[in-house]
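Here is the structure we will look at, set down as structure tokens.
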Amino acid sequence: MPIEDVKPEGVLHMEEKKTFCRICEPHCPMLVTVDRDEALSMRPDYSHPSGGVACHKGLSFLDVHADPDRLAYPRRRKGPKSCLGGSFEDVSWDFALNDISGKLAALLEKYGPNSIAVYTGNPLAFDSRGATSVGDFVEKVGTQMRFSANPQDAQNKCLVACEIYGSPLVLTVPDLYETDYLLCIGANPVVSRWTTASIPQDSGKVLDDIRGRRGKIRFVNPRCVESSRKELDEMVLIKPGTDVYFLAALVDRILEVTGRQCSLVEIYGKNFDHLVKFVSDFPAQKVAHVTGVSAGQVNQIAMEILAADSAAFHLSTGVNQSGQGVLAYWLNEMLSLITGNLGKKGGNYKPVGFVDGFTSTQGVTTVETSLGNLRFPNPMGPMSMPGAILADLIEAGDIRALIVVSGNPLLSIGDENRTKLALEKLDILVSVDIFPSCTAELSDYMLPATDFLERADVALLPNMMQSVPYVQFTEAIVEPKYERRHIWWIFSELLQRLSLVSSDENNHNDNGFHLVDAFLAAGNLSVELLRDVPDSLILLHQLEPESFFERCLVHPDKRIDCCPDLFFSSGLFVRCEEFYNELEALFDQLMLITLRTPFMHNGWMNNVDKFRRGKHANNPLYINDFEAEKLDLVEGETVRVSSDAGSLYAIVSISNDLRPGVVAMSHGYGQGAASQLRVASQRPGVNSNRLAPTGWDSMEPLSYMSRLSAIPVTISKILTWED
Ligand SMILES: Nc1nc2c(c(=O)[nH]1)N[C@H]1C(S)=C(S)[C@@H](COP(=O)(O)OP(=O)(O)OC[C@H]3O[C@@H](n4cnc5c(=O)[nH]c(N)nc54)[C@H](O)[C@@H]3O)O[C@H]1N2
Ligand SMILES: Nc1nc2c(c(=O)[nH]1)N[C@H]1C(S)=C(S)[C@@H](COP(=O)(O)OP(=O)(O)OC[C@H]3O[C@@H](n4cnc5c(=O)[nH]c(N)nc54)[C@H](O)[C@@H]3O)O[C@H]1N2
Ligand code: SF4
Ligand SMILES: [Mo]
């Protein structure tokens, strides 16, 4: 599309190209102005059928794209791992790939496939060719040591979906456009947008529209979030890590009011009595002390939900990461079922996708390690090995090589010091990234990847999670510069060098889309077809929410399991009671929660200068007046924060948005060791995950979720620097 109003000589090559952002789940549509092969500016594509509204992070992506600190050439470590900064040299791709594959081949031969681990970070989910080719690499190498960001994010939801509906992909989406009531638990969509739901609209407006049609919204959160309207009394200020008891009390109260009459349960449910029994152990009166939510408030919410014409439920990372995400998400889904809001307009539903239909999981995949066996649904699908035991498995010698692709595990999983020591022990660590992150800084090789403007793509991830369902292809907007390469290319080269693929199969002329095409074929689509349709976009016809029961119940008996046996047999219920007793005893304990801001994206975008100014230059410890006074702390003071896992120094910032007993810090800071990132290393802040535990006992059974929120901490004043 030529830009007509700009005509001076020398800029006649300017054109505007359609694409979509690939930083997070909404995949917001964008228009990029390009002059020859340079991207000049980006703006939201309001003409897109999804009505997309891009955020400032996406619209600032040119700062990332053109960052002079980006990786440009393959780099090899020269000095020892303890020697940071300047210890790398540029090498050719041939040299790097030959050396890496040589080392991997030797490990394969000596120790077998599981000695080679792969960690795929969050951005890989937004690179269709990359994700499918890394999957292919893992399969051909034959390793089960497949790590990803999911056990730090939402793996509990996949496990629950698998157990109650039959497939880890049946994650329900709240019908935000029709609902009369939204219960939003452990999420802050105005800052983060939505997750496990792809909604490319202004989240503030989506929420305001609910309010505008006299709908009600309740946020369940230890912090009064930006998404809420204080004057509407929308906050339920819960104590961290106690959502499961609040949700049990809510289900219990609703069942009491309705006399357990739930037609959906009668038609589709099984094991309902076990659910009733479980929640009856946690009545609202009893749990109020532990949750901080009064029985009156639980009753109010129960009555509001029952009075609403429709109600939708959204539970997210704050709960997923706080220790009992499996049971909490199970109860979230049960709320939707027992109130008749599942598969209903304005309730929770499953959007249609270009590949629609789920296959039931069959049996179990067991991963044997020297620490013990791990159990996954078969096939593992979106589930992966626990980040919480990555360090343990390296220490134990199970893992000897690690390839990190688009991830920064040093910052995103727990216990940085321990993880760092473990990564240093590896025979070989490779980081495929666009930046020399602090994880890359520990690597033997840093391999420069393309960013989203440099690669053609199909939005695969949002399939079956989109409020407006469509499938879109984008060409690369600009050619990659320097020696940057696509991830699919890197991994197919490695396979070839490992003699795990024939040169025919490894056909570089196909632009790396053959694996993506295999996905698309299930929906009778292909990249070629998408290239040819107007705007490379096919809009799908949304199905009625009621189709949920037909499409998404894939257990052989086509029923919803209201209380899976596995929750008993794995000890989750006993653990839930034990935690309850511990939380009762920890009544006065300060708890740390995590906090996303609009000016960072997990552990990256932190080299963007304009995002690291003023109060966002650092990540303080937020604490409210009441606690600060008790501990004699003032704004700006440096304190020591400690947990069982570790300690750090942080600057105090008073915030009365927090409920008493709660402190908060943002994760993703702490790139001090990433010496080649000039902004991020000069204003590093501190990695809050130093306080997060690792090790077998720290993870949630079944989901293997890391514990990254609701962490007991103590805060001490620094009296002398000896402290
Ligand atoms: N700006 C920005 N946007 C992002 C990201 C980012 O880093 N920055 N990351 C992206 C990614 S990868 C994801 S997965 C999504 C996540 O999106 P969300 O899941 O919405 O994540 P947050 O905005 O961090 O909201 C989590 C909320 O949980 C609360 N919380 C913490 N502990 C508890 C608890 O024990 N109980 C309850 N009820 N609440 C608790 C926190 O106060 C916080 O408000 O965001 C995506 N969008
Ligand atoms: N305390 C705490 N910890 C958390 C969370 C929390 O809320 N609190 N959230 C968790 C969640 S939800 C997530 S998803 C994880 C994320 O955990 P990770 O995925 O491990 O970490 P990211 O910071 O997203 O790392 C992304 C890396 O990919 C690189 N990158 C960006 N774009 C591209 C690209 O196009 N190609 C390539 N090759 N690389 C690219 C970036 O430079 C960065 O180094 O963190 C988790 N950790
Ligand atoms: S919300 Fe996410 S996908 Fe949309 S523009 Fe912002 S960063 Fe990009
Ligand atoms: Mo995430």
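Source: prediction; values computed, not measured. Just follow the structure's listing: the first ligand is 1, and inside any ligand the first atom is 1.
You'll find the side chain of F246 reaches within 4.5 Å of the side chain of V298, heavy atoms only. Looking at heavy atoms from C-beta onward, R484 lies in side-chain contact with E454 at the 4.5 angstrom threshold.
For ligand 2, the 4.0 Å heavy-atom shell contains residues Y119, G121, N122, P123, A149, Q152, D153, Q321, S406, G407, N408, P409, S412, V432, D433, I434, F435, S437, A449, T450, D451, R455, I487, T594, R596, N602, G603, W604, H667, N689, L708.
Across every non-hydrogen atom of S666 and L595, the tightest pair is OG-O, 2.6 Å. Shown here for E627 and P660, the closest heavy-atom pair between the two residues is OE2-C, 3.3 Å. Considering all non-hydrogen atoms of both residues, P189 and S227 come closest at N-OG, 3.2 Å.
Distances from atom 6 (Fe) of ligand 3 under 2.8 Å pick out these protein N/O/S atoms: C55 SG.
The cationic atom of R575 (NZ for Lys, CZ for Arg) lies less than 6.0 Å from the six-membered ring centre of F579 and within 45° of the ring axis.
Among residue pairs with one or both ends in residues 404-414, those qualifying as side-chain hydrogen bond (donor to acceptor under 3.5 Å, both in side chains) are Y119-S412, N408-T439; sequence neighbours excluded.
Using a 4.0 Å cut-off between charged side-chain N and carboxylate O, D457 and R22 make a salt bridge. In summary, K481 and D451 do not engage in a salt bridge, as defined by a charged side-chain N under 4.0 Å from a carboxylate O. A salt bridge links E226 with R223: the closest approach of a Lys/Arg side-chain nitrogen to an acidic carboxylate oxygen falls below 4.0 angstrom. The pair R690-D415 does not meet the salt-bridge criterion, since no charged nitrogen lies less than 4.0 angstrom from a carboxylate oxygen. Salt bridge status for E479 with R485: absent, with no side-chain N to carboxylate O gap under 4.0 Å.
Neither the backbone nor the side chain of R22 has a heavy atom within less than 4.0 Å of ligand 3. When heavy-atom distances to ligand 1 are checked against a 4.0 Å cut-off, S322 comes that close only through its side chain, counted from C-beta outward.
Set against the non-hydrogen atoms of H27, the atoms of ligand 3 under 4.0 Å away are 3 (S). Under a 4.0 Å criterion applied to the non-hydrogen atoms of G241, ligand 1 contributes the atoms 34 (C), 35 (O). For ligand 1, the atoms sitting less than 4.0 Å from at least one non-hydrogen atom of T597 are 1 (N), 2 (C), 8 (N), numbered in the order shown with element in parentheses. Residue-ligand proximity, V319 to ligand 1, at heavy-atom distances under 4.0 Å covers atoms 37 (C), 38 (N). Annotation for ligand 1: atoms under 4.0 Å from non-hydrogen atoms of V225 are 44 (O). The distance from ligand 1 to the heavy atoms of N188 drops below 4.0 Å at these ligand atoms: 20 (O), 23 (O), 25 (O), 44 (O). Shown in contact with D243 at under 4.0 Å from a heavy atom are these atoms of ligand 1, numbered in order with element: 34 (C), 35 (O), 36 (N), 37 (C), 38 (N). Proximity to P222 (heavy-atom distance under 4.0 Å) selects the following atoms of ligand 1: 30 (N), 33 (C), 37 (C), 39 (N), 40 (C). Ligand-side atoms of ligand 1 in range of I238: 38 (N), range being under 4.0 angstrom from any heavy atom.
In terms of the side-chain hydrogen bond (donor to acceptor under 3.5 Å, both in side chains) criterion, residue partners of S41 (sequence neighbours excluded) are, by chain and number, T33.
Screening N602, N619, N689 against H667 for a side-chain hydrogen bond (donor to acceptor under 3.5 Å, both in side chains) leaves a single residue, N602. Checking each of T450, L447, T120, L124 against I487 for a side-chain contact (heavy atoms from CB on, under 4.5 Å) leaves exactly one that passes, namely L124. Of the candidates M705, Q152, M699, P386 forms a side-chain contact (heavy atoms from CB on, under 4.5 Å) with just one, namely M699.
Residue V220 places at least one N or O, backbone or side chain, under 3.5 Å from an N or O of ligand 1.
Residue K57 places a heavy atom less than 4.0 Å from ligand 1. For T242, the heavy-atom gap to ligand 1 stays at 4.0 angstrom or more.
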